[in-house]
Amino acid sequence: MKNQPSSLQRNIGIAAHIDAGKTTITERVLFCTGVTHKLGEVHDGDAVMDWMAQEQQRGITITSAAVSCSWHDHQITIIDTPGHVDFTVEVERSLRVLDGMVAVFCAVGGVEPQSETVWHQADRYRVPRLAFVNKMDRLGSDFYAVVEELREKLGARPVVVQLPVGREAGFSGVVDLVSGRCLRWDGTGDDPFACREAEIPATMADEVRHWRQRLREQVAEHDDGLLERYLEGDELPEADVRRVLRELVINHRAVPVLCGSGLKNKGIQPLLDAVVDYLPAPAEVLPVHGTNPLTGAEETRPPLVDAPLTALVFKVAMMEGRRHVFLRIYAGSLAVGQEVYNPRLDVREKVARIFRMMADKKQRLDRAMAGDIVVLMGLRHSATGDTLCDREHPLLLEGMSFARPVITAAIEPRHNSDQDKLWEVLQKLSDEDPTFNARQDDETGQLVISGMGELHLEVVTDRLRTEYSLETNLGKPQVLYQESITGSGTAAGRFERVDEEEKKRQFARLLIGVAARERGAGNEVSWADDLPELTADQRAAVLEGIDECLNGGVVRGYPLVDVAVRVATVEGEPAEFTRVALKVAAVQALRDAVGAADPVLLEPIMKVAIVVPPEHLGEVIGDLNARGGRVQAIEHGERFTVVAAMVSLRRLFGYTTVLRSATKGKGSFTMQFSRYDLTAA
């Protein structure tokens with residue numbers, strides 16, 4: 001067994017704004033690499049990567065799908081991620097485990113709102129990336145404008161490695177600036193991907209000379225040997241240019257920019273070459289960092305096959321009624337039947353089966369090792385963000401944080417006999433998706449589900465019908481509010497009860513103070529130094545009462561956030577401090593303290609990006625103002641204007657219909673959660 005993961009391995013993601021062509025490009029990659037023998041089309045509902053019924057019906061990607069293919073003796077594992085903001089969690093957890101990314105941009109739309117979101121997610125996880133400007137055949141396409149937007153909007157360092165030959169309907173190929181070759185796709189014959197080398201058009205000679213010179217400058221300034229040759233006027237060897245460019249990409253100092261048309265099968269082979277040439281192998285990324293749960297010390301794990309097992313669960317999915325755990329192995333190896341340790345839960349689990357995924361199909365493996373992205377069966381407890389490791393060499397990797405649900409709706413089965421089954425299935429779906437949850441309302445007894453948007457809840461109910469044969473009724477979506485305080489307050493809570501038969505007294509009196517914290521800071525519980533000695537069980541009882549109160553505020557019963565709670569005094573005889581007495585006294589004290597601290601209602605504020613034709617701009621802005629929205633920026637383009645605004649979620653219900661009506665069907669918008677803030681009138 002080799003100690004290092006294979007240098008012929010690539011783990012990449014394809015991500016972008018909705019409708020930029022991610023899935024179409026992935027389908028072309030699968031065809032070019034021989035994984036499929038028929039081109040799947042998103043608009044026809046037969047794309048391999050969009051295997052869910054809900055994806056095929058809507059023509060969008062909902063869940064990230066993994067697939068492996070080969071190109072020039074390299075194994076490439078690709079994860080195609082959603083572009084719709086309701087499913088951004090899929091992008092988040094995929095980027096957490098990938099070694100590289102292909103960011104796809106529309107040649108007409110450029111850097112769109114969700115493109116920025118994905119780009120900054122990749123920044124957070126320090127993922128090296130390539131940029132692919134798609135849809136070069138579309139009317140209004142502008143390759144150079146997109147390159148400039150990469151620099152201005154995303155703060156990237158774009159390095160142009162290809163130039164388009166022709167534009168819009170006349171787009172026919174690319175000039176590779178590294179090799180100096182011109183590649184053309186004629187689209188004739190039996191092979192839709194047939195590519196031939198051709199002469200560089202005479203009309204492009206000056207343009208190619210300029211951009212090749214610029215590429216040589218960008219590469220030479222990072223390598224002393226090449227700089228010397230460049231200053232002497234010598235030609236830079238192609239292999240050295242690729243080597244230095246690869247180093248720059250891996251060190252986040254450059255983003256090679258390519259172009260093509262996925263739908264017209266142009267530019268796919270050079271894109272695969274760039275993935276192999278410029279994106280890192282698993283052994284070339286930094287070792288993972290984690291905390292030893294026994295000592296609390298920070299440790300690193302190199303990506304070696306003979307190192308102790310270290311892996312991260314990045315997704316849980318129910319497929320064919322079975323629980324599948326998606327795993328990235330950073331160090332060590334894993335075999336069928338092996339026992340793994342989960343340090344967060346302090347449990348051991350046994351691996352029943354290992355698979356390499358091919359979208360919704362599976363290839364069975366006996367063993368997986370450092371650098372592999374695989375799927376396990378047999379794990380009952382491990383959840384998204386958990387670490388799996390060797391019990392003798394434990395390491396806890398940094399977990400994953402996800403946005404809170406912002407919309408909620410009541411749900412009920414159409415047949416009363418399905419009540420228990422519905423609850424069971426909803427628990428499975430919440431296990432799958434950290435941004436979705438289900439609970440039973442204590443006051444009404446209704447089942448309530450929460451998610452990231454109307455589409456999110458719509459897809460869940462559709463899955464209940466198609467995958468679990470559960471017909472349901474979904475209530476009208478409601479905003480999921482929160483509560484907080486703007487001041488401070490202190491109150492006492494008291495519980496006393498005497499059991500006449502046993503002559504036993506239960507008593508506790510607590511004084512609790514609360515104060516407002518900064519928005520987004522979260523809750524904090526502290527204890528005064530001079531409290532009487534409390535056992536661990538007694539402290540747990542107090543905390544249980546505090547948690548109960550924080551989960552249901554005093555304004556409308558929504559969760560309380562950004563509150564500092566301080567247990568100031570605990571009075572009574574320790575022998576009378578029963579669990580019930582401490583918990584009830586804590587609930588009373590905290591509820592009264594919150595009531596005295598100017599409680600307020602918070603609502604979700606959404607960051608909205610609206611794309612409209614310039615002639616409808618005034619009407620759209622007027623409607624935004626009427627909804628209490630705050631326009632933050634207006635960016636004028638040649639064909640469309642982008643309006644960035646902050647609007648409360650409750651004012652956006654039904655906005656799609658209003659926008660389409662106001663713009664004669666030409667406008668569109670995306671929104672994503674920004675923050676919780678005070679409700680406006």
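The basis for the numbers below is simple: all heavy atoms, side chains too, and nothing from hydrogens, waters or symmetry mates.
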Below 4.5 Å, heavy atoms only, C-beta onward: do [X] and [Y] meet side chain to side chain?
| X | Y | result |
| --- | --- | --- |
| Val554 | Leu560 | no |
| Val255 | Val159 | no |
| Asp99 | Leu279 | no |
| Leu659 | Ile610 | yes |
| Val459 | Phe436 | no |
| Val479 | Pro604 | yes |
| Tyr481 | Arg650 | yes |
| Val67 | Leu30 | yes |

Least distance between heavy atoms, [X] atom then [Y] atom:
| X | Y | value |
| --- | --- | --- |
| Val249 | Pro128 | O-CB, 3.4 Å |
| Gln446 | Ala410 | NE2-CB, 3.8 Å |
| Ala15 | Val118 | CB-CG1, 3.4 Å |
| Ala409 | Leu457 | CB-CD1, 4.0 Å |
| Trp185 | Asn265 | CD1-O, 3.7 Å |
| Leu263 | Thr24 | N-CG2, 3.8 Å |

In plain terms, say whether [X] and [Y] are close enough for a salt bridge, that is, a side-chain N and a carboxylate O under 4.0 Å apart.
| X | Y | answer |
| --- | --- | --- |
| Lys428 | Asp431 | no |
| Arg556 | Glu483 | no |
| Glu458 | Arg463 | no |

Spatial distance of atom [atom1] ([X]) from atom [atom2] ([Y]) [nearest 0.5 Å]:
| X | Y | atom1 | atom2 | answer |
| --- | --- | --- | --- | --- |
| Asn437 | Ser450 | CG | OG | 4.5 Å |
| Ser661 | Asp623 | OG | CG | 10.0 Å |
| Cys106 | Met136 | SG | CE | 10.0 Å |
| Ile485 | Asp598 | CD1 | CG | 8.5 Å |
| Arg439 | Asn551 | CZ | CG | 10.0 Å |
| Thr384 | Asp433 | OG1 | CG | 8.5 Å |

Is it the case that the side chain of [X] and the backbone of [Y] share a donor-acceptor pair, with hydrogens and angles ignored and the cut-off at 3.5 Å?
| X | Y | answer |
| --- | --- | --- |
| His616 | Ala662 | yes |
| Arg517 | Gly522 | yes |
| Ser484 | Val561 | yes |
| Glu432 | Ala317 | no |
| Arg465 | Ser469 | no |
| Asp137 | Phe171 | no |

[atom1] of [X]: more than 12 outside heavy atoms within 6.0 angstrom?
| X | atom1 | result |
| --- | --- | --- |
| Asn416 | CG | no |
| Arg630 | CZ | no |
| Lys421 | NZ | yes |
| Arg151 | CZ | yes |
| Gln427 | CD | yes |

Derivation and outcome, side chain to side chain contact (heavy atoms under 4.5 Å, CB included), residues Phe669 and Val611: CA-CA 6 Å; Phe669 85 103; Val611 181; over 6 Å; no
Side chain to side chain donor-acceptor pair (under 3.5 Å) contacts in which one or both residues fall within residues 152-169, not counting sequence neighbours: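 For residues 152-169: Lys153-Glu635.
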For [X], which residues count as a salt bridge (charged side-chain N to carboxylate O under 4.0 Å, His left out) partner, sequence neighbours excluded?
| X | value |
| --- | --- |
| Asp562 | Arg519 |
| Glu471 | Arg414 |
| Glu548 | Lys583 |

Where at least one partner belongs to residues 103-119, residue pairs that pass salt bridge (charged side-chain N to carboxylate O under 4.0 Å, His left out), sequence neighbours excluded: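 For residues 103-119, and leaving out neighbouring residues, there are no salt bridge (charged side-chain N to carboxylate O under 4.0 Å, His left out) pairs at all.
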Test side-chain contact (heavy atoms from CB on, under 4.5 Å) applied to Val146 - qualifying residues, sequence neighbours left out: Phe105, Val133
Geometric cation-pi criterion Arg129 and Trp119, 6.0 Å radius, 45° cone: yes
Side chain to side chain contact (heavy atoms under 4.5 Å, CB included) evaluation trace for Tyr676 with Leu480: CA-CA 10 Å; Tyr676 271 92; Leu480 194 59; 4.2 Å; yes
Any donor-acceptor N or O pair under 3.5 Å, side chains His252, Asp123: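 His252 vs Asp123: no donor-acceptor pair found between side chains.
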Audit row: Ile411, Thr461, side chain to side chain contact (heavy atoms under 4.5 Å, CB included) steps and yes/no: CA-CA 9 Å; Ile411 190 170; Thr461 55; 3.9 Å; yes
Side chain to side chain contact (heavy atoms under 4.5 Å, CB included) between Leu624 and Tyr655, worked out: CA-CA 10 Å; Leu624 276 177; Tyr655 185 60; 4.3 Å; yes
